Amino acid sequence: MSIPALEVVSLSYHYPDGTEVLREAGFHIHPGERVALLGPNGAGKTTLVFHLNGIFRPETGSVQVAGLPVEDENLMEIRRRVGIVFQDPDDQLFMPTVRQDVAFGPANYGVEGDELRTRVSDALSAVGMLHVADRPPHHLSLGQRRRVAVATVLAMRPEIVVLDEPSSNLDPASRRELADILTALDITMLMVTHDLPYALELCPRALVMNDGSIIADGPTREVLSNRELMKANRLELPLGFDPNFDR
Amino acid sequence: MSIPALEVVSLSYHYPDGTEVLREAGFHIHPGERVALLGPNGAGKTTLVFHLNGIFRPETGSVQVAGLPVEDENLMEIRRRVGIVFQDPDDQLFMPTVRQDVAFGPANYGVEGDELRTRVSDALSAVGMLHVADRPPHHLSLGQRRRVAVATVLAMRPEIVVLDEPSSNLDPASRRELADILTALDITMLMVTHDLPYALELCPRALVMNDGSIIADGPTREVLSNRELMKANRLELPLGFDPNFDR
Amino acid sequence: MAGTHTHALFVHGDSELHRLPASTKLGALGLFVLAVVLTPREAVWAFGVHAGLALLGVWIAGLKPMFVARRLLLEIPFVLFALFLPCIGGGEQIEVIGLSLSVDGLWSGWNIVVKGTLGLAASIVLTATTTVPDILSGLDRLRVPRLITSIAGFMVRYLDVIAGEMHRMRMAMLSRGYSPRWIWQLKAYTASAGALFIRSYERGERVYFAMTARGFTGHMPSFGDEQVRPADWVRAVSVPAVAWVAAGWALAVA
Amino acid sequence: MHIPDGFINGMTSLGAGVVAASSLAAGLRRAGKVLQDRQIPLAGLVAAFIFVLQMLNFPVIGGMSGHLIGGALAAVLVGPWIGLVVMTVVVTVQALLFADGGLSALGLNVINMGVLTVIIGWLAFRLVMTLLPKNATSILAAGAFGAWLSVVVSSLAFVGEYSIGGGGGAPLSTVLAAMAGTHALIGIGEGLITAGVLGAVLAVRPDLVYGAQVFGLRHTEVAALNRRAVGLFVAGGIAVAVLLVTLVAPLASDDPDGLERVAIDLGFSEEAEDHSLGDSPLADYEADGVEGEGLGTVVAGLIGLGATFAVGAVLMLGARRRRVRVDR
Ligand SMILES: Nc1ncnc2c1ncn2[C@@H]1O[C@H](COP(=O)(O)OP(=O)(O)OP(=O)(O)O)[C@@H](O)[C@H]1O
Ligand SMILES: Nc1ncnc2c1ncn2[C@@H]1O[C@H](COP(=O)(O)OP(=O)(O)OP(=O)(O)O)[C@@H](O)[C@H]1O
Ligand SMILES: [Mg+2]
Ligand SMILES: [Mg+2]
């Protein structure tokens, strides 16, 4: 038995204003797995994501990354291993230029010189944004910003990537290109998405979250074929889409 | 011949930092039409939207709303008629509570008392967000914020709604519910989207924008069936989706 | 600093003071503070009257004593200064438990502490019973120039925008292995202050666009505007009136 | 620096109120002409930004910290007239909504932190700009100098007010020495931050910097922004600070002894006012064991400056090493 890449045990959390968001959420992901996290708006997915690298701390329960508990002394190490692409690219980008923004993460871990330059241009070419490298990120279109946000995480070469709706605001070709990048990466991945065909394409396994708990866990195709489950969690396949078609 | 609800004539624009974004873009929409605006990331769609109610002013070219040119003396009137749902809900929501935010628009036009209250609760129930009416908008999940953003525009009862990627970050059920709300409205509509099946479902006509110009205009089904056009503009239909299937 | 500090000063409630129109409360506060400041420092009894009035305000507003006490801490540096005045002042000296203290210094210290505390307490009562938008529209009604109140209104709104942007930047930096150490503080401070300004500025610009898109013309719409009746003014001003009587009396005697 | 009620007597406060109101009226008249609809929210944003910067502390030396006043920054960003209005709004909102600074002392606070810092900051900025080549580097240098000078002048104004309407008790010379010394140091922080913010804004949106518009700077010229400018200017600022401490301090200190000095430091030094880094409220820039009063202050001031410079140097070295080096 390998150590889980990510292990979340009965996690609870409420926001300072009293809203209870996570209620005993728990799951684990093994190294190399690609898992989709599905669920309605307001289910607590983003809040859960914020726990995975210690931005939020569990009230009860625990989070472990490759056996390391998310605690002060491990934070630097955990943040090197877990790369998070935030749901809102404006949360992710803060440096004066795109290039500096992508370099920020690796530079914090001591990468410098040529190595740093290569990493930055590799990451930016992977998302097709090398030509905007010297522009300020907040002067890009929303879709462009989302691609740069993905690059900032790729440049850190994390072992686990967590993506919070990476495909929203992307044009259809970029959406497919992103899927190609992600499948080529061969790392552990947790992806929050509302795009069910995308989830099916990328992730063999799916978790369903509602009202702060994980209420289903299984092969994505099975989850998407379970009528009651889908209906109870505001999940619907697009008109004319059959999860069991053969690709 | 009726006066077009929206008429854009050879519009050009560049941002203060020098980026040229719109180049002679032009089109018109007749009252009651529902039109999709498609195109790759960075094409200039959002920038175009900002011209439709005078937030940005044309450098060359002109914009007319129901025959009224977008000029200082008509601004109030034009903004009452044209409601815009911004691409980023954080730009749209700014009041301390959701209720006040939804009331802001109608209150600016002198609606008050019971009438104001009804409008607010109608708009919030239409998007299923009445239960968060007294919470601050920035304490909502991104999908919830997007729904409230739609409500702020519905509450103004505009004649034309312009929606900039309204379905992104919405869970699948909300996406369908939004489609139902929009089709029931029976008003003139321009919708920017990267979700092509959604465009086909809602809008009989589609415009394609690339590099600042409108380069195609026709029935959505035809646009989506035109292989070369689609490919040249980074548009792709999802795997297994046929635009000519019969609904 | 993250979050909504602008709302943290207000205490929800439904007291008489909460219900008074903001303009009358502002007027009363100004009059009260002026009376306190003009009272001669030797008139200790008059400060007793003022303190009684301030406590009355706290009691009517239904504020918790701990809340007021905590907010009073704002004054500490000046209290410290006041405490040292007796030790360093010149002139006539008196002996207190072995220390030689200046009489004039003692009076000066007392003067600073008592007036500062009373003024602060009165302000706390105002901000705890009046929301920020109400204070702004109250200023409007008191004929403060429009330009001032509109800029102040936007300032308050944008405080949240900036706080939000700061919070986002911080989270983003932490997530990518940033570990602030004191030595970097000034560097990080200036770098992020600059970035913060542009971010906030452009976000503020877009928020402003969104507001104008919904018919905003420079003034916030009123959601159920308050009425100011003469009776409200009478009630609000009754408190500072007592303070003025006390101050006037003390001045006449002195 | 926010003066509470009762610190300065009633008549002086009222007089200051009148002065503040009339300069505000002048500012409003001039600003009203330039402020179109669109700029009002942006003025509000600058006000909010300065308010936030005032709440953040930066370290000066020895556990002492200061915070930005921001008047000079506002003047260079939005021009002196709007700047004056903006700073007045900031100080007023602090008094009314946050109970920071007494209501009766509002006029005093507006003069010290609004009117004076904006006017001095702007005049110094213009003066330096006329002497230097018209480029982005000069804007930073001029802005930093204006900021530094505005802080020092503002602290002297405080002393002036104290001498007119203070309750007495503390010898004036002591107050003057402590204020000028402390603020010559804090002013360096103010200058650095002002230059840093201006540099960042110039690099991306030069159209937002009024001071650059006045001197007709265009986008391309700004792009050639020289990073060493800030460093160079820090050196200049320190030199001036040394001069000031050497010249003013001896005149100021007639007969303070150690205890008195500490008392003043306790009461006045900025760090005591603020919360976050307030571990050691004792601003220990008084050199122990140096007798001869004027001399003590000077030595203390110089040691303080040396320490500041050392910290600055370490900081810059470290910053260079850590800097994200990807620029071609
Ligand atoms: N800062 C906050 N303060 C208080 N409540 C919050 C805050 N942020 C989110 N919430 C609430 O917590 C719940 C979960 O929010 P979260 O953002 O985790 O949802 P989500 O599953 O990511 O939704 P979406 O699909 O819309 O992004 C929601 O009910 C939301 O209103
Ligand atoms: N504030 C700005 N300053 C300078 N350039 C900008 C700014 N905003 C956008 N741009 C540039 O203008 C172009 C068009 O941007 P716009 O936001 O209109 O694209 P879009 O079609 O809406 O794209 P998306 O589908 O990604 O939202 C892009 O190349 C973008 O980089
Ligand atoms: Mg989310
Ligand atoms: Mg867009």
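Numbered from 1 within each chain, the chains take letters A, B, ... in sequence-line order. Here the structure is a predicted model, which means the values were calculated and not measured.
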Determine whether A:R234 and B:R175 satisfy the following criterion, side chain to side chain contact (heavy atoms under 4.5 Å, CB included), listing intermediate values before the conclusion. CA-CA 10 Å; A:R234 301 181 57 82; B:R175 196 200 216 61; over 6 Å; no
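- Atom CG of B:D195 and atom OG of A:S168 lie 11.5 Å apart (nearest 0.5 Å).
- Nearest heavy atom pair, residue B:G39 against residue A:D171, reads O-CB, 4.3 Å.
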Side chain to side chain contact (heavy atoms under 4.5 Å, CB included) for B:T19 and A:H139? Distances and angles first, verdict last. CA-CA 9 Å; B:T19 322; A:H139 283 180; over 6 Å; no
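- A:R147 is listed as a side-chain neighbour of B:N41, based on a closest heavy-atom distance under 4.5 Å.
- Here the side chains of B:T46 and A:S141 are not in contact, with every heavy-atom distance at 4.5 Å or above.
- Here B:N169 contributes atom CG and A:N169 contributes atom CG; the two are 6.5 Å apart, rounded to the nearest 0.5 Å.
- For the residue pair B:G42 and A:Q144, the shortest heavy atom distance occurs at CA-NE2, 3.8 Å.
- In A:D186, the CG atom is not crowded: 12 or fewer heavy atoms of neighbouring residues, nucleotides or ligands sit closer than 6.0 Å.
- Of the two parts of B:E236, the backbone and the side chain both hold a non-hydrogen atom closer than 4.5 Å to a non-hydrogen atom of chain A.
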Please walk me through it: do A:D88 and B:D90 pass side chain to side chain contact (heavy atoms under 4.5 Å, CB included)? CA-CA 10 Å; A:D88 184 344; B:D90 287 336; 3.2 Å; yes
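- The greatest number of non-hydrogen atom pairs below 4.5 Å with chain A, out of B:G143, B:P172, B:S174, is found for B:P172.
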Verdict with reasoning, A:L170 to B:H194, per side chain to side chain contact (heavy atoms under 4.5 Å, CB included): CA-CA 7 Å; A:L170 290 188; B:H194 292 303; 5.9 Å; no
